[in-house]
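These figures come from a predicted structure and were not determined experimentally.
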Amino acid sequence: QVQLVESGGGLVQPGGSLRLTCTPSGFTLDYYAVSWFRQAPGKEREAVVCTTSDGTSYYADFVKGRFTSSRDNRRNTAYLQMNSLSPGDTAVYYCATGLDTLIYAGPWSDTGKYDYWGQGTQVTVSS
């Protein structure tokens, strides 16, 4: 069964950190970009970062300098390290995978480019 599983969400105080993990099952990430999206209550899903199979990352402006996306192809796992979190970062975070070739062909923020989505993990930033 092909699926993506996220983990690592939770409740954190403002200024704190969390690391999310995205692990696929039923396929390998070799030719796939891994992206993270988030959706806050009452808002549209927004793109956070995309990391292609060669490790190149593209960040949304609102997370530059705070979030770091990485991947370990040997472990077939992707990570999102989130630092300096603020209440505005509260959302359900999703990882998604799409073929590198499609990502390179157009905006990585286009949700239509992604084949697989995780179930989401809740991140709540609150004191």
Side-chain angles (χ1 to χ4, degrees):
Q1 183 180 1
V2 174
Q3 62 179 350
L4 290 173
V5 178
E6 301 110 335
S7 62
L11 173 64
V12 64
Q13 292 186 343
S17 299
L18 283 174
R19 188 176 81 157
L20 306 184
T21 300
C22 176
T23 303
S25 65
F27 71 104
T28 64
L29 295 175
D30 291 354
Y31 301 104
Y32 284 89
V34 179
S35 290
W36 294 88
F37 292 78
R38 70 184 187 183
Q39 188 165 18
K43 295 186 177 181
E44 293 189 356
R45 190 168 298 190
E46 61 182 355
V48 176
V49 58
C50 174
T51 300
T52 53
S53 61
D54 67 355
T56 302
S57 293
Y58 307 91
Y59 292 91
D61 287 343
F62 57 82
V63 300
K64 284 182 180 178
R66 300 190 300 126
F67 291 11
T68 302
S69 174
S70 61
R71 53 194 289 164
D72 185 337
N73 289 337
R74 291 177 301 172
R75 296 176 184 264
N76 204 37
T77 301
Y79 306 95
L80 181 64
Q81 177 67 42
M82 305 185 294
N83 299 327
S84 302
L85 286 162
S86 69
D89 296 314
T90 295
V92 177
Y93 284 70
Y94 300 89
C95 67
T97 57
L99 289 171
D100 277 346
T101 51
L102 291 180
I103 300 302
Y104 291 138
W108 61 268
S109 57
D110 180 356
T111 59
K113 294 184 178 294
Y114 296 90
D115 301 317
Y116 305 114
W117 292 80
Q119 81 287 355
T121 185
Q122 176 71 46
V123 171
T124 302
V125 185
S126 175
S127 55

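Closest heavy-atom contact between T52 and I103: CG2-CG2, 4.3 Å. Across every non-hydrogen atom of G120 and V92, the tightest pair is CA-CG1, 3.8 Å. Between V123 and G9 the shortest heavy-atom distance is CG2-CA, 4.2 Å. Minimum interatomic distance between A47 and S109 (heavy atoms only, all atoms of both residues): CB-CB, 3.6 Å. Looking at every heavy atom in both residues, W108 comes nearest to S35 through CE3-OG, 4.3 Å. The heavy-atom pair separating Y59 from T68 by the smallest distance is OH-CA, 3.3 Å.
Between atom SG of residue C22 and atom OH of residue Y116 there is a gap of 13.0 Å, rounded to the nearest 0.5 Å. A distance of 10.0 Å separates SG in C95 from CG in L80, rounded to the nearest 0.5 Å. To the nearest 0.5 Å, atoms OG (S57) and NZ (K64) are separated by 11.5 Å.
Evaluation of the ring pair (Phe, Tyr, Trp, His ring centres under 6.0 Å) test over residues 71-94, restricted to residues two or more places apart or in two chains, returns none. Evaluation of the side chain to side chain donor-acceptor pair (under 3.5 Å) test over residues 80-91, restricted to residues two or more places apart or in two chains, returns S17-N83, R38-D89, R66-D89, Q81-N83, S86-D89.
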Where do S126 and L11 land on the side chain to side chain contact (heavy atoms under 4.5 Å, CB included) test, with the steps shown first? CA-CA 7 Å; S126 175; L11 173 64; 4.2 Å; yes
Is there a side chain to side chain contact (heavy atoms under 4.5 Å, CB included) between V34 and L29? Walk through the geometry before answering. CA-CA 8 Å; V34 179; L29 295 175; 3.8 Å; yes
The test is side chain to side chain contact (heavy atoms under 4.5 Å, CB included); show your working for T121 and L20 and say whether it passes. CA-CA 8 Å; T121 185; L20 306 184; 4.0 Å; yes
Apply the test side chain to side chain contact (heavy atoms under 4.5 Å, CB included) to residues N76 and T23: give CA-CA distance (whole Å), side-chain angles for both, the deciding distance (0.1 Å), then the verdict. CA-CA 7 Å; N76 204 37; T23 303; 5.8 Å; no
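Q119 contributes a side-chain N or O that, together with a main-chain N or O of E6, makes up a donor-acceptor pair within less than 3.5 Å. Distance alone, capped at 3.5 Å, is enough to place a donor-acceptor pair between the K113 side chain and the L102 backbone. Side-chain atoms of T77 come within 3.5 Å of backbone atoms of R75 as a donor-acceptor pair (strictly under, hydrogens ignored). Formation of a donor-acceptor pair under 3.5 Å by the Q3 side chain with backbone atoms of G26 is not found in this model.
Cluster annotation: F37 is not connected to V63 through the hydrophobic network of ILVMFWY side chains, with a link wherever side-chain heavy atoms come within less than 4.5 Å. Taken together through direct or relayed side-chain contacts under 4.5 Å among Ile, Leu, Val, Met, Phe, Trp and Tyr, M82 and F62 form part of one hydrophobic cluster. Taken together through direct or relayed side-chain contacts under 4.5 Å among Ile, Leu, Val, Met, Phe, Trp and Tyr, Y32 and V2 form part of one hydrophobic cluster.
By the side-chain contact (heavy atoms from CB on, under 4.5 Å) test, A40 is found to be paired with K43, A91, residues two or more places apart in sequence or in another chain being considered.
Using modelled atom types and a 3.5 Å distance limit, the side chains of D100 and S53 yield a donor-acceptor pair. For the residue pair R71/N73, the side-chain donor-acceptor check at 3.5 Å is satisfied. Under the 3.5 Å distance criterion, with hydrogens and angles disregarded, no donor-acceptor pair is assigned to the side chains of T97 and Y114.
More than 12 non-hydrogen atoms from other residues, nucleotides or ligands lie less than 6.0 angstrom from OH of Y104.
Here the two rings, on W36 and F67, have centers that are 6.0 Å apart or farther.
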